[in-house]
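Quick note: numbers below take in every heavy atom, side chains included, and nothing from hydrogens, waters or symmetry partners. Proteins get letters first, then strands, A, B, ... in listed order; numbering begins at 1 in each.
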Protein chains: 2
Amino acid sequence: MQPSLKTLFPNFSTELIATIEENGSAQDFKAGTVLMRTGQYIKNTVLITKGKIKIYREGEDGGEFLMYYLQPGQACAISMICTAKSEKSQIMAKVVEDVSVMMIPLQMMDKWMMEHRSWYEFVIETYRSRFEEVLEVVDNIAFRSMDERLEFYLKRHSDSCGCSEVNLSHQEIATELNTSREVVSRLLKKMEQRGLVKLNRNQIELLKFNH
Amino acid sequence: MQPSLKTLFPNFSTELIATIEENGSAQDFKAGTVLMRTGQYIKNTVLITKGKIKIYREGEDGGEFLMYYLQPGQACAISMICTAKSEKSQIMAKVVEDVSVMMIPLQMMDKWMMEHRSWYEFVIETYRSRFEEVLEVVDNIAFRSMDERLEFYLKRHSDSCGCSEVNLSHQEIATELNTSREVVSRLLKKMEQRGLVKLNRNQIELLKFNH
DNA sequence: AACCTTCTGTGATAAATGTTACTGTAGATT
DNA sequence: AATCTACAGTAACATTTATCACAGAAGGTT
């Protein structure tokens with residue numbers, strides 16, 4: 001049994017929850033599914049109730065660049081922004097861990113903004129926090145070198161899962177940072193020598209990441 | 001005599017314009033003024049009626065990184081997002097050309113969102129277009145090399161001023177792209193050899209930028 | 001004109017990152 | 001056990017960008 005909407009979105013009013021359950025459609029997607037492509041028109045706003053979605057930017061040459069993850073209790077800011085005018089998506093969204101979502105038709109957006117204070121606040125807060133997150137991403141690529149970005153990436157991962165092991169191959173990390181596996185391997189090895197991590201197959205244990 | 005609010009913000013309703021004139025305070029700032037610093041609390045939303053403001057991110061070492069410019073008829077998205085909860089600014093805002101602005105106390109934000117449809121739409125559209133712009137910035141630093149970023153930068157400049165001359169020194173460009181002057185000089189020289197630009201002192205003429 | 005300041009050009013060199021190529025290893029498959 | 005495949009390590013080299021050092025040019029000031 002999954003947690004209820006009320007648990008996942010504690011700030012939503014009771015009436016709003018009821019409205020969502022009435023108008024939204026609950027759907028499941030398997031890991032690997034691409035929910036949204038660059039250039040596609042957006043028809044729904046998405047609330048995540050289970051699993052994990054990766055939001056990333058795709059380069060012309062097919063390269064990826066991770067923006068952020070969406071997790072239960074969160075919503076896709078892009079879809080909220082774009083739906084207002086049924087704009088094209090500027091990003092890719094791919095399911096990383098099997099998800100359950102609430103799809104909310106875009107017509108509801110404007111209506112609820114006016115009718116439900118808690119929806120309005122949620123939308124604004126979603127905009128704000130994502131904008132902030134993207135600014136942090138800009139910081140990282142604009143001002144920091146690869147080794148710092150890698151550290152930041154690992155930290156973010158362990159924060160999000162709450163544990164100190166990151167279960168990813170070097171290749172996967174390289175893809176999300178838009179660099180090559182060799183570079184990631186090299187840098188991780190240096191970090192291991194500095195005692196920051198312990199490297200296993202498909203796993204990186206973070207050791208001294210608490211400051 | 002400056003253009004009226006009605007001209008600059010054609011989508012605003014007549015009542016909204018009246019409300020803005022009643023509650024906002026018109027202010028002027030000289031070029032060079034820093035209107036907002038990273039970490040400062042935001043108390044106002046800003047509508048630009050004249051001039052140009054640069055929104056950029058500041059690195060720990062003092063490096064800059066241009067996000068976008070604000071021009072007449074536009075508003076600061078960050079201030080709109082943050083005001084909702086009187087959050088801290090994540091960016092720097094510096095006046096590039098003497099500006100006139102309408103300062104709107106943050107308390108108005110939520111109120112107007114509910115009362116004025118045209119304000120609501122303006123805010124959403126502001127969010128959307130800035131988010132998009134920032135995503136494009138991410139693209140540039142994540143996927144492109146310096147020469148492409150420089151071309152993009154010049155193009156954006158000439159688009160914004162409507163002319164084909166960019167009146168900036170190499171040093172200024174370097175600062176905004178967070179690189180060094182020498183790199184900019186070298187790349188510009190190559191572009192000149194390719195016939196893309198003509199270089200003068202404090203000025204770059206764009207030649208073949210129309211495709 | 002003589003001087004000064006800012007801007008521009010360019011070579012030499014260093015550092016970071018990307019690329020190629022190859023080796024070894026762990027775990028899965030047969 | 002033999003084999004296969006994905007993952008990881010690493011050396012050598014190429015490319016890009018950053019840094020240092022210096023020279024010359026443009027324009028303003030005296």
Side-chain angles (χ1 to χ4, degrees), chain A residues 31-32 59-66 138-154 157 165-206, chain B residues 31-32 59-66 138-154 157 165-206:
Chain A
E60 286 154 7
D61 56 351
E64 283 190 17
F65 194 88
L66 175 70
V138 170
D139 262 27
N140 276 304
I141 31 181
F143 299 123
R144 301 195 206 296
S145 52
M146 213 53 199
D147 53 349
E148 292 176 290
R149 287 171 53 197
L150 180 56
E151 279 194 37
F152 181 81
Y153 175 86
L154 294 174
H157 249 274
E165 287 99 40
V166 177
N167 296 300
L168 294 167
S169 71
H170 297 183
Q171 181 58 67
E172 289 175 289
I173 298 173
T175 301
E176 305 213 318
L177 294 173
N178 192 45
T179 179
S180 67
R181 181 194 59 80
E182 292 87 334
V183 172
V184 172
S185 286
R186 255 201 297 264
L187 294 176
L188 280 174
K189 208 66 203 170
K190 277 188 204 161
M191 288 174 66
E192 188 174 44
Q193 283 157 8
R194 285 195 290 147
L196 286 173
V197 296
K198 183 162 181 313
L199 301 178
N200 306 309
R201 191 187 171 85
N202 277 319
Q203 186 190 66
I204 299 159
E205 291 175 46
L206 310 193
Chain B
E60 286 155 8
D61 56 351
E64 282 191 18
F65 194 88
L66 175 70
V138 171
D139 262 28
N140 276 303
I141 30 180
F143 298 123
R144 301 195 205 297
S145 51
M146 213 55 200
D147 54 349
E148 290 177 290
R149 287 171 53 196
L150 180 57
E151 277 194 38
F152 181 81
Y153 175 85
L154 294 174
H157 250 274
E165 287 100 39
V166 176
N167 297 301
L168 294 168
S169 71
H170 297 183
Q171 181 59 66
E172 290 175 290
I173 298 173
T175 302
E176 305 213 319
L177 294 173
N178 192 45
T179 179
S180 68
R181 182 197 58 81
E182 293 90 327
V183 171
V184 172
S185 286
R186 260 198 287 269
L187 293 175
L188 280 174
K189 208 68 203 169
K190 278 189 202 161
M191 288 174 66
E192 187 174 46
Q193 282 157 9
R194 285 194 292 147
L196 285 174
V197 296
K198 182 162 182 314
L199 301 179
N200 306 310
R201 191 187 171 86
N202 278 320
Q203 186 189 66
I204 299 160
E205 289 175 47
L206 310 192

Separation of atom CG in B:N140 from atom P in D:dT17, rounded to whole Å:
13 Å

OP1 or OP2 of D:dA18 versus the side-chain N and O atoms of B:T179: is any pair under 4.0 Å?
yes

To the nearest Å, give me how far apart CZ (A:F143) and P (D:dT17) are.
17 Å

What integer distance in Å separates B:E205:CD from C:dT8:P?
14 Å

Would you classify B:N202 as touching base, sugar-phosphate or nothing, given that sugar-phosphate means primed atoms plus P, OP1 and OP2, and contacts are heavy atoms under 4.0 Å?
sugar-phosphate

Any B:L199 side-chain heavy atom under 4.5 Å of B:I204 side chain:
yes

Measure from CD on A:Q171 to P on D:dG9 and round the result to the nearest Å.
14 Å

Could you tell me how far apart A:L187 (CG) and C:dT17 (P) are, to the nearest whole angstrom?
7 Å

Is A:E172 reaching over with its side chain to a backbone N or O of A:S169, donor-acceptor style, under 3.5 angstrom?
yes

So, do B:L154 and B:L188 sit near enough that their side-chain heavy atoms are less than 4.5 Å apart?
yes

Is the shortest heavy-atom distance from the side chain of A:L66 to the side chain of A:L177 under 4.5 Å?
no

If you only use heavy atoms from C-beta on, which nucleotide in C:dT8, D:dT16, C:dT17 is closest to the side chain of B:S145?
D:dT16

Residue pair A:L168 / A:Y153, side-chain heavy-atom distance below 4.5 Å:
yes

Per-nucleotide protein contact string for nucleotides 22-30 of chain D (B base, S sugar-phosphate only, - none; heavy atom under 4.0 Å)
----BS---

Measure from CG on B:N178 to P on D:dT19 and round the result to the nearest Å.
9 Å

Of the listed nucleotides C:dT19, C:dG9, C:dA16, the one nearest the side chain of B:L199
C:dG9

Inspect the contact between B:R144 and B:E151 and indicate whether a charged nitrogen and a carboxylate oxygen are less than 4.0 angstrom apart.
no

Under 4.0 Å: is that the gap between some side-chain N or O of B:H170 and OP1 or OP2 of C:dG9?
yes

How close or far is atom P of D:dT10 from atom CG of A:L188, stated in whole angstroms?
12 Å

Which one, C:dT8, D:dA8, C:dG18, comes nearest to the side chain of A:S180?
C:dG18

d(NZ, A:K189; P, D:dC7) in whole Å
17 Å

Within the structure provided, determine whether B:L187 and B:M146 are in side-chain contact (heavy-atom separation under 4.5 Å).
yes

Side chain of B:R186 only, heavy atoms from C-beta on: which candidate in C:dG11, C:dT8, D:dA8 is closest?
C:dG11

